[in-house]
Undergrad: 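Following this message is one structure expressed as structure tokens.
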2 protein chains.
Amino acid sequence: MKKETSSNSLNEQFLFQSCELNSALKVISGRWKAQIVYSIWSGNDRFSLLKQELSAISEQVLSRQLKELETQAILVKIPIPETVPAGISYRLTSKGIELVPILQALCNWGKQYPEENCIPLSACVTG
Amino acid sequence: MKKETSSNSLNEQFLFQSCELNSALKVISGRWKAQIVYSIWSGNDRFSLLKQELSAISEQVLSRQLKELETQAILVKIPIPETVPAGISYRLTSKGIELVPILQALCNWGKQYPEENCIPLSACVTG
DNA sequence: CTGTATCCCCAACGATACTG
DNA sequence: CAGTATCGTTGGGGATACAG
């Protein structure tokens with residue numbers, strides 16, 4: 001539950017209203033969102049595939065992030081008919097797809113300035 | 001022999017990219033960092049100017065963010081000699097400057113999917 | 001298989017007062 | 001002008017158990 005009157009919350013609203021940059025940033029900030037977008041884009045369109053790829057993520061968090069990304073119109077859930085139990089396929093919207101090149105640009109930027117603690121994703125989780 | 005098109009190979013590629021993505025994302029995540037980089041780039045090279053532009057930020061937080069960005073080699077502090085009291089000019093490094101086009105891309109992406117009440121900051125005006 | 005419900009932790013955010 | 005010290009608040013991330 002959020003306190004809408006806290007200065008923290010007010011600041012958040014101010015920033016969101018101030019600049020498109022912030023609304024964009026809000027989409028890809030957080031520990032997992034950008035990776036989820038990237039992962040879906042690269043073919044992991046199922047909950048279990050995402051969980052496998054982002055091996056350190058908990059189901060709770062993955063579910064939460066997916067819901068947020070859906071709300072932000074980055075992805076859509078597509079029920080897979082006649083599967084038991086029910087299956088859901090995740091697909092990026094055009095808005096989500098257009099985000100990918102920017103993430104790639106960020107990747108390339110990161111590659112130009114490598115950090116020492118740069119290790120594969122599964123171990124990339126900081127406690 | 002590797003199949004470059006196998007999902008395995010794609011995954012491998014993805015994992016490597018994700019890693020770089022994370023280090024990059026770490027730099028611009030946070031509520032203020034991207035905005036600060038942008039603001040310095042657009043000419044607000046003094047503490048007081050930044051504080052003025054990001055009117056809702058507290059000195060404590062601004063100072064903290066600037067220090068982090070300095071540690072991440074995004075900017076450098078340049079003392080202004082023979083000023084009383086002492087003045088500090090902030091300047092982006094090449095690493096920081098190369099980040100700007102990506103932030104602009106994010107900005108433009110945000111503009112394509114406008115939200116209500118989204119007012120650009122002066123620093124966020126892209127040519 | 002794809003989620004929710006609960007509860008907890010802590011790092012980031014913030015207000016205020018103070019300093020060279 | 002450009003910070004630091006101190007301390008309170010917040011909410012995202014997480015562990016675990018449970019559910020349709």
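The chains referred to below are lettered A, B, ... by the order of the sequence lines, with proteins before strands, and numbering in each begins at 1. Fair warning: this is a prediction, and the values are worked out from it, not measured in the lab.
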Undergrad: Whole angstrom is fine here: how far is it from CD in Gln52(A) over to P in dC1(C)?
TA: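 Spelled out: CD on Gln52(A) to P on dC1(C) is 10 Å.
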
Undergrad: Apply salt bridge (charged side-chain N to carboxylate O under 4.0 Å, His left out) to Lys51(A) and list each qualifying residue two or more places apart in sequence or on a separate chain.
TA: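 Partners of Lys51(A) under the salt bridge (charged side-chain N to carboxylate O under 4.0 Å, His left out) test: none.
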
Undergrad: Rounded to the nearest 0.5 Å, how far does CG of Leu75(A) lie from CD of Glu68(A)?
TA: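 If I round to the nearest 0.5 Å, the distance is 11.0 Å.
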
Undergrad: Distances under 3.5 Å between protein N/O atoms and the N/O atoms of nucleotides 5-10 of chain C, please, pair by pair.
TA:
unit_1: dA5(C); atom_1: N7; unit_2: Gln60(A); atom_2: NE2; d: 3.4
unit_1: dA5(C); atom_1: N6; unit_2: Gln60(A); atom_2: NE2; d: 2.5
unit_1: dT6(C); atom_1: O4; unit_2: Gln60(A); atom_2: NE2; d: 2.5

Undergrad: Between Asn22(B) and Gln35(A), do the side chains contain an N or O donor and an N or O acceptor separated by less than 3.5 Å?
TA: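 Asn22(B) vs Gln35(A): donor-acceptor pair found between side chains.
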
Undergrad: Could you tell me which residues satisfy side chain to side chain donor-acceptor pair (under 3.5 Å) with Ser89(A), sequence neighbours excluded, listed by chain and number?
TA: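 Here the qualifying residues are Asp45(A).
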
Undergrad: Quick check on dC1(D): is either OP1 or OP2 less than 4.0 Å from any side-chain nitrogen or oxygen of Arg46(B)?
TA: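 The answer is no; no side-chain N or O of Arg46(B) sits under 4.0 Å from OP1 or OP2.
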
Undergrad: Should Leu106(A) and Ile28(A) count as side-chain neighbours, where that means a heavy-atom distance under 4.5 Å?
TA: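 The answer is yes; the side chains approach within 4.5 Å.
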
Undergrad: Identify whether any heavy atom of Gln65(B) sits under 4.0 Å from a base atom; if not, whether one sits that close to sugar-phosphate; answer base, sugar-phosphate or nothing.
TA: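 Sugar-phosphate, no base atom in range.
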
Undergrad: So how far is it from Gln52(A) CD to Leu50(A) CG, rounded to the nearest 0.5 Å?
TA: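 If we round to the nearest 0.5 Å, Gln52(A):CD and Leu50(A):CG are 10.0 Å apart.
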
Undergrad: Using a 4.0 Å heavy-atom cut-off across all strands, classify Lys67(A) as base, sugar-phosphate, or nothing.
TA: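 Sugar-phosphate contact only.
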
Undergrad: With nearest nucleotides of DNA chain D determined for Ile80(B) and Glu59(A) from heavy-atom distances, which residue corresponds to the more 5′ nucleotide?
TA: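 That would be Ile80(B).
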
Undergrad: In whole angstrom, give the distance that lies between atom CD1 of Ile57(B) and atom P of dT16(C).
TA: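 Those two atoms, CD1 and P, are 16 Å apart.
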
Undergrad: Check every atom of dT4(C), dG20(C), dG14(D) against the side chain of Ser63(A) and return the nucleotide holding the closest atom.
TA: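 Of dT4(C), dG20(C), dG14(D), dT4(C) is nearest to the side chain of Ser63(A).
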
Undergrad: Find the distance Ile36(A):CD1 to dG13(D):P and express it as a whole number of Å.
TA: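 Rounded to whole Å, this separation is 9 Å.
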
Undergrad: Mind checking whether Trp41(A) and Tyr38(A) have parallel, tilted or perpendicular rings, split at 30° and 60°?
TA: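 The rings of Trp41(A) and Tyr38(A) stand perpendicular, inter-plane angle above 60°.
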
Undergrad: Starting at atom NZ of Lys33(A), determine the distance to atom C1' of dG11(D), rounded to an integer number of angstrom.
TA: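 About 13 Å, once rounded to whole Å.
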
Undergrad: Whole angstrom is fine here: how far is it from CG in Asn22(A) over to P in dC13(C)?
TA: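 Rounded to whole Å, this separation is 12 Å.
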
Undergrad: Within this structure, what is the CD1-to-P distance between Ile88(A) and dT4(C), rounded to whole angstrom?
TA: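 Rounded to whole Å, this separation is 10 Å.
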
Undergrad: Please tell me which of the listed nucleotides, dA15(D), dC1(C), dA15(C), lies nearest to the side chain of Ser58(B)?
TA: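 Nucleotide nearest to Ser58(B)'s side chain: dA15(C).
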
Undergrad: Give the rounded distance in Å between these two atoms: CG of Leu62(A) and P of dG13(D).
TA: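 In whole Å, dG13(D) P lies 12 Å from Leu62(A) CG.
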
Undergrad: Check every strand shown and say whether Lys77(B) touches a base, only sugar-phosphate, or nothing at a heavy-atom separation below 4.0 Å.
TA: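 Sugar-phosphate, backbone atoms only, no base.
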
Undergrad: According to a strict under-4.0 Å criterion, is Trp32(A) in side-chain N/O contact with OP1 or OP2 of dG12(D)?
TA: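 No, because none of the side-chain N or O atoms of Trp32(A) sits under 4.0 Å from OP1 or OP2 of dG12(D).
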
Undergrad: Roughly how many Å is it from CZ in Arg31(B) to P in dT9(D), rounded to a whole number?
TA: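 Rounded to whole Å, this separation is 17 Å.
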
